[in-house]
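Whatever order the structure lists them in is the order used to number ligands and atoms, beginning at 1. Nothing here was measured: the structure is a model prediction, and the numbers come from that model.
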Amino acid sequence: MAQLFFKYGAMNSGKSIEILKVAHNYEEQNKPVLIFTSAIDNRDEVGYISSRIGLRRQAIPIMENTDIYGIVSRHDPKPYCVLVDECQFLNKDNILQLVRIVDELDIPVMGFGLKNDFQNELFEGSRFMLIYADKIEEMKTICWFCERKATMNLRLKDGKPVYTGEQIVIGGNDTYFPVCRKCHTNPPL
Ligand SMILES: [Zn+2]
């Protein structure tokens with residue numbers, strides 16, 4: 001039985017590297033995979049998975065109304081696994097299509113993303129992944145400022161922490177850092 005996986009972590013917890021690694025492992029055994037990413041990605045060109053260590057590859061961009069189920073079900077050969085980056089930016093309908101890929105096509109889906117935004121609200125995509133996933137796993141990374149585990153994302157604008165505003169800023173010059181709860185509240189800047 002295929003399963004829906006959700007692997008979440010703060011910024012820089014190695015989510016994109018993990019996707020590229022999983023894809024490589026399948027493909028090394030001649031098992032094709034399909035890789036998707038949200039079309040809302042302000043770090044790079046649309047339709048690419050990029051990791052901080054420099055690896056990069058093309059992915060199918062998911063928009064609000066993308067027929068993800070149709071793309072996967074029509075794909076020949078049938079993929080052994082579906083990998084999805086930036087799940088936090090997906091909507092409920094996108095996630096329900098991932099559920100159907102698992103339940104109706106019996107193909108495992110591994111989704112990766114952030115859980116909470118810079119204001120510590122759940123992203124829509126993450127909310128529904130948390131509800132629908134069979135297996136949920138935290139990808140760990142260390143706080144930018146101290147030794148604790150990073151569970152939150154701090155937004156800085158011109159070097160100053162920001163706690164209000166739009167959830168997703170496209171093309172802004174804001175920067176995000178993985179931080180622990182204490183450093184999110186009082187960043188030692
Ligand atoms: Zn900290």
Side-chain angles (χ1 to χ4, degrees), residues 4-25 35-46 48-57 59 62 83-92 94-95 98 109-189:
L4 177 62
F5 298 84
F6 182 41
K7 299 194 178 202
Y8 70 88
M11 301 292 297
N12 302 357
S13 57
K15 298 183 289 294
S16 300
I17 296 166
E18 177 73 10
I19 289 192
L20 297 171
K21 193 180 86 183
V22 171
H24 178 78
N25 290 346
I35 306 179
F36 291 86
T37 189
S38 165
I40 304 167
D41 185 346
N42 46 20
R43 291 180 309 175
D44 201 359
E45 280 176 76
V46 169
Y48 279 90
I49 310 248
S50 295
S51 71
R52 286 166 298 119
I53 59 170
L55 297 171
R56 187 171 189 266
R57 70 180 272 179
I62 298 176
L83 299 161
V84 187
D85 201 6
E86 308 286 357
C87 275
Q88 72 272 11
F89 296 143
L90 304 189
N91 59 32
K92 184 179 181 181
N94 295 149
I95 304 294
L98 301 182
V109 175
M110 296 175 72
F112 295 74
L114 303 171
K115 180 161 57 69
N116 28 320
D117 68 14
F118 74 105
Q119 299 181 81
N120 287 329
E121 301 286 345
L122 284 176
F123 284 96
E124 179 178 356
S126 314
R127 182 149 79 93
F128 290 104
M129 283 301 276
L130 288 168
I131 291 170
Y132 283 98
D134 298 294
K135 290 226 169 89
I136 296 166
E137 190 184 306
E138 182 181 36
M139 297 189 66
K140 295 182 179 66
T141 193
I142 296 220
C143 175
W144 193 265
F145 301 108
C146 75
E147 305 295 313
R148 275 181 284 263
K149 184 176 76 175
T151 55
M152 300 178 175
N153 304 294
L154 179 69
R155 183 191 279 184
L156 295 185
K157 192 177 178 67
D158 304 320
K160 299 249 164 33
V162 183
Y163 297 103
T164 55
E166 293 295 305
Q167 186 176 57
I168 303 163
V169 180
I170 308 290
N173 57 351
D174 306 61
T175 46
Y176 294 87
F177 296 91
V179 290
C180 71
R181 185 179 59 229
K182 192 176 174 191
C183 293
H184 189 270
T185 311
N186 280 306
L189 291 164

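For T185, the side-chain contact (heavy atoms from CB on, under 4.5 Å) test picks out no residue, with sequence neighbours left out. Taking the side-chain contact (heavy atoms from CB on, under 4.5 Å) definition, one finds that N116 meets it with N120, M152, sequence neighbours left out.
A salt bridge does not link R127 to E124: none of the charged nitrogens lies less than 4.0 Å from a carboxylate oxygen.
Near the Zn ion (ligand 1), less than 2.8 Å away, sit the protein N, O or S atoms C143 SG, C146 SG, C180 SG, C183 SG.
Taken from OG in S38 to CG in N94, the straight-line distance is 8.0 Å, to the nearest 0.5 Å.
The ring-ring contact (aromatic ring centres under 6.0 Å, His included) analysis of residues 127-150, with sequence neighbours excluded, yields the pairs W144-F177.
S16 and D85 form a side-chain donor-acceptor contact under 3.5 Å, judged by distance and modelled atom types alone.
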